[in-house]
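Structure record follows, encoded as structure tokens.
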Amino acid sequence: LKFSANHTLIGCVSHAGDIFFLTYNESNYEIIPYCFFETGYMINSINFSLNNSILLLGTQAGHVIELKVPKFNDCNF
């Protein structure tokens, strides 16, 4: 589970490589899931880029994957 730098996005990754993107609204403490990906990689670590446009994934095999973070309206859960 990782918050973006501006605390508006949350990336939640399973060890099996499933990724859920959620948005967070601080004013009413609402969390809304909006996107799901299956990477097929065993994920050990995640981190958002400074501008929140890329999610970096560290795999068990030692690879780093750059995944473009989808916009709320661009992803059909």
Side-chain angles (χ1 to χ4, degrees):
L1 182 67
K2 189 70 157 186
F3 274 89
S4 62
N6 64 3
H7 299 113
T8 60
L9 297 172
I10 303 168
C12 183
V13 180
S14 74
H15 186 69
D18 302 327
I19 303 172
F20 292 90
F21 287 100
L22 306 101
T23 61
Y24 176 65
N25 184 336
E26 276 188 88
S27 63
N28 63 3
Y29 307 107
E30 184 177 28
I31 297 174
I32 303 168
Y34 75 93
C35 203
F36 171 76
F37 286 109
E38 294 176 290
T39 67
Y41 296 100
M42 295 182 85
I43 304 297
N44 290 340
S45 63
I46 62 172
N47 205 0
F48 280 94
S49 63
L50 291 178
N51 65 2
N52 305 318
S53 64
I54 302 289
L55 187 67
L56 300 172
L57 308 169
T59 70
Q60 185 174 13
H63 298 99
V64 175
I65 299 169
E66 291 186 16
L67 179 65
K68 183 177 177 187
V69 175
K71 301 290 184 203
F72 185 81
N73 295 325
D74 292 341
C75 194
N76 297 326
F77 199 118

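Predicted, not measured: the structure shown is a model, and the values here were computed from it.
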Is F72 reachable from F48 through a run of hydrophobic residues whose side-chain heavy atoms are each under 4.5 Å from the next?
yes
Shortest non-hydrogen contact between N47 and K2, atoms and distance:
OD1-CE, 3.1 Å
If Ile, Leu, Val, Met, Phe, Trp and Tyr residues are connected whenever their side-chain heavy atoms lie under 4.5 Å apart, and connections chain through other members, are V64 and I46 in the same group?
no
Could you give the distance from NE2 (H15) to CD1 (I43), rounded to the nearest 0.5 Å?
9.0 Å
Straight-line distance of M42 CE to S14 OG, nearest 0.5 Å
9.0 Å
L57 side, atom CG; E66 side, atom CD - distance, nearest 0.5 Å
9.5 Å
Check: N73 and K71 side chains under 4.5 Å, non-hydrogen atoms:
no
Heavy-atom nearest pair, K68 first then I54, reads CA-CD1, 4.1 Å
Indicate the ring-plane relationship of F37 and F21, choosing parallel, tilted or perpendicular according to the 30° and 60° boundaries.
perpendicular
Tell me whether V69 is reachable from L67 by hopping between hydrophobic residues (I, L, V, M, F, W, Y) whose side-chain heavy atoms are closer than 4.5 Å.
yes
Distance check, rounded to the nearest 0.5 Å: I32 atom CD1 versus T23 atom OG1?
4.0 Å
Is there a chain of hydrophobic side chains (I, L, V, M, F, W, Y, each step under 4.5 Å between heavy atoms) that links L1 to I31?
yes
Partner residues of T8 under the side-chain hydrogen bond (donor to acceptor under 3.5 Å, both in side chains) criterion, sequence neighbours left out:
N6
dist L9:CG -> L22:CG (nearest 0.5 Å) comes out at 9.0 Å
Partners meeting side-chain hydrogen bond (donor to acceptor under 3.5 Å, both in side chains) with S53 (sequence neighbours left out):
N51
Between N52 (side chain only) and A5 (backbone N and O only), is there a donor and an acceptor less than 3.5 Å apart?
yes
Should the pair Y24 and F3 be assigned to parallel (<30°), tilted (30 to 60°) or perpendicular (>60°) ring geometry?
perpendicular
When you compare the side chain of V13 with that of Y41, does any pair of heavy atoms fall below 4.5 Å?
no
